[in-house]
Amino acid sequence: MAIDPDILIDWFAEQGRDLPWRRAECTPWGVLVSEIMLQQTPVARVRPVWEEWLERWPRPSALAAAAQGEVLRAWGKLGYPRRALRLHAAAEVIARDHGDVVPSDVDTLLALPGIGVYTARAVAAFGYGKRAPVVDTNVRRVVARAVHGAGDAGPASNTRDLADVEELLPDRDAPAASFSAALMELGALVCVARGPRCADCPLHADCAWQHAGRPAYTGPAKPVQRFAGTDRQVRGLLLDVLRGTAEPVPKERLDLVWSKAGQRDRCLDSLLVDGLVEQTPDGRFALPGEY
DNA sequence: TACGCGTGGGG
DNA sequence: TCCCCAAGCGT
């Protein structure tokens, strides 16, 4: 079953959220920053940080000139701080090799650190108004239901998912970009993972899932992401100490955050390997690029 | 393809 | 409480 672009785009015009990175005056750089921050992180937590970043670093070259440690502090508790480091690295490349202008071409974007299949297409579509299939978790869920009549999307498959959306996408650039934004917004506001609000859905009449009687999802269960007790938690605790101190700290200070010495040391090592932490010549630890 | 990677809010 | 989930990426 297909999706009527006009119905979806009209719904988006009326019901879509007024987010700062969607305003007409937002630059492609602002769009790129938003897309990186929004990877696995909810809009409500991103918005205030995005505002600070765009004020402080309105162009890629401005971010590129900042120290990594400052960037990580400004990232705060958005999570997955490697994203901040990669965005900083991408800004350096954009400033140096692309005249401080975010590329509009999908393949050029894909070559930048931290920019993958989703983000490259999102920047092309939302930053430059181009026609490019944009597939995120929301889009996959909406397509699974409205088009395929399934309760939810199965495991991601780049080739398949992109082909699915390619078929739905309007031909011209501007409507295609609006359609992509609308599809994502529908998944974020109405066709949500738990408790979809079908009564409010503009696609209700033509939804394959509705017509099939809203069958439950039958595919493989999604892997559970545990957190308590994992290295991810310990790394987060270690980084939180370093974000909160102006001066490098001795290892004894870091030892306080987690009782298991083996796991603690493994995590500190991995943070050093990832470039999220640096050791000073006197053996203390700090965020990178400041000492 | 499967896994590791932060953090916090809502049901 | 606990569990699920949130605009993915790199390996």
Testing B:dG9, C:dG8, C:dA7 for proximity to the side chain of A:Leu19, the answer is C:dA7

May I ask you to say whether A:Glu247 pairs ionically with A:Arg253, meaning some side-chain N is under 4.0 Å from a carboxylate O?
no

Taking for each residue the nucleotide of DNA chain B with the nearest heavy atom, is it A:Gln225 or A:Pro155 whose nucleotide lies nearer the 5' end?
A:Pro155

How would you label the contact of A:Ser34 with the nucleic acid (heavy atoms, under 4.0 Å): base, sugar-phosphate, or nothing?
nothing

Tell me: CD1 of A:Ile36 to C1' of C:dG8, nearest whole Å?
9 Å

What's the closest nucleotide to the side chain of A:Pro42 if the choices are C:dC9, C:dA6, C:dA7?
C:dA6

Looking only at the side chain of A:Asp231 (C-beta and beyond, no hydrogens), which of the listed nucleotides B:dG6, B:dC5, C:dA7 gets closest?
B:dC5

P spacing across the pair C:dC9 / B:dG9, given as an integer number of angstrom:
25 Å

Determine the interatomic distance between C1' on C:dA6 and the same-named atom on B:dG6; round to the nearest Å.
12 Å

Is the shortest side-chain N to carboxylate O distance from A:Lys77 to A:Asp240 below 4.0 Å?
yes

Rounding to an integer number of Å, can you tell me how far A:Lys77 NZ sits from B:dT7 P?
6 Å

Looking at the side chain of A:Arg22, which of C:dA7, B:dG6, B:dT7 is the nearest nucleotide?
C:dA7

State which of C:dG8, C:dC5, C:dA7 makes the closest approach to the side chain of A:Gln39.
C:dG8

Looking at the side chain of A:Arg45, which of B:dG6, C:dG10, C:dG8 is the nearest nucleotide?
B:dG6

Do NZ/NE/NH1/NH2 and the carboxylate oxygens of A:Glu252 and A:Arg284 come within less than 4.0 Å?
no

Does some side-chain heavy atom of A:Glu167 sit less than 4.5 Å from a side-chain heavy atom of A:Val147?
no

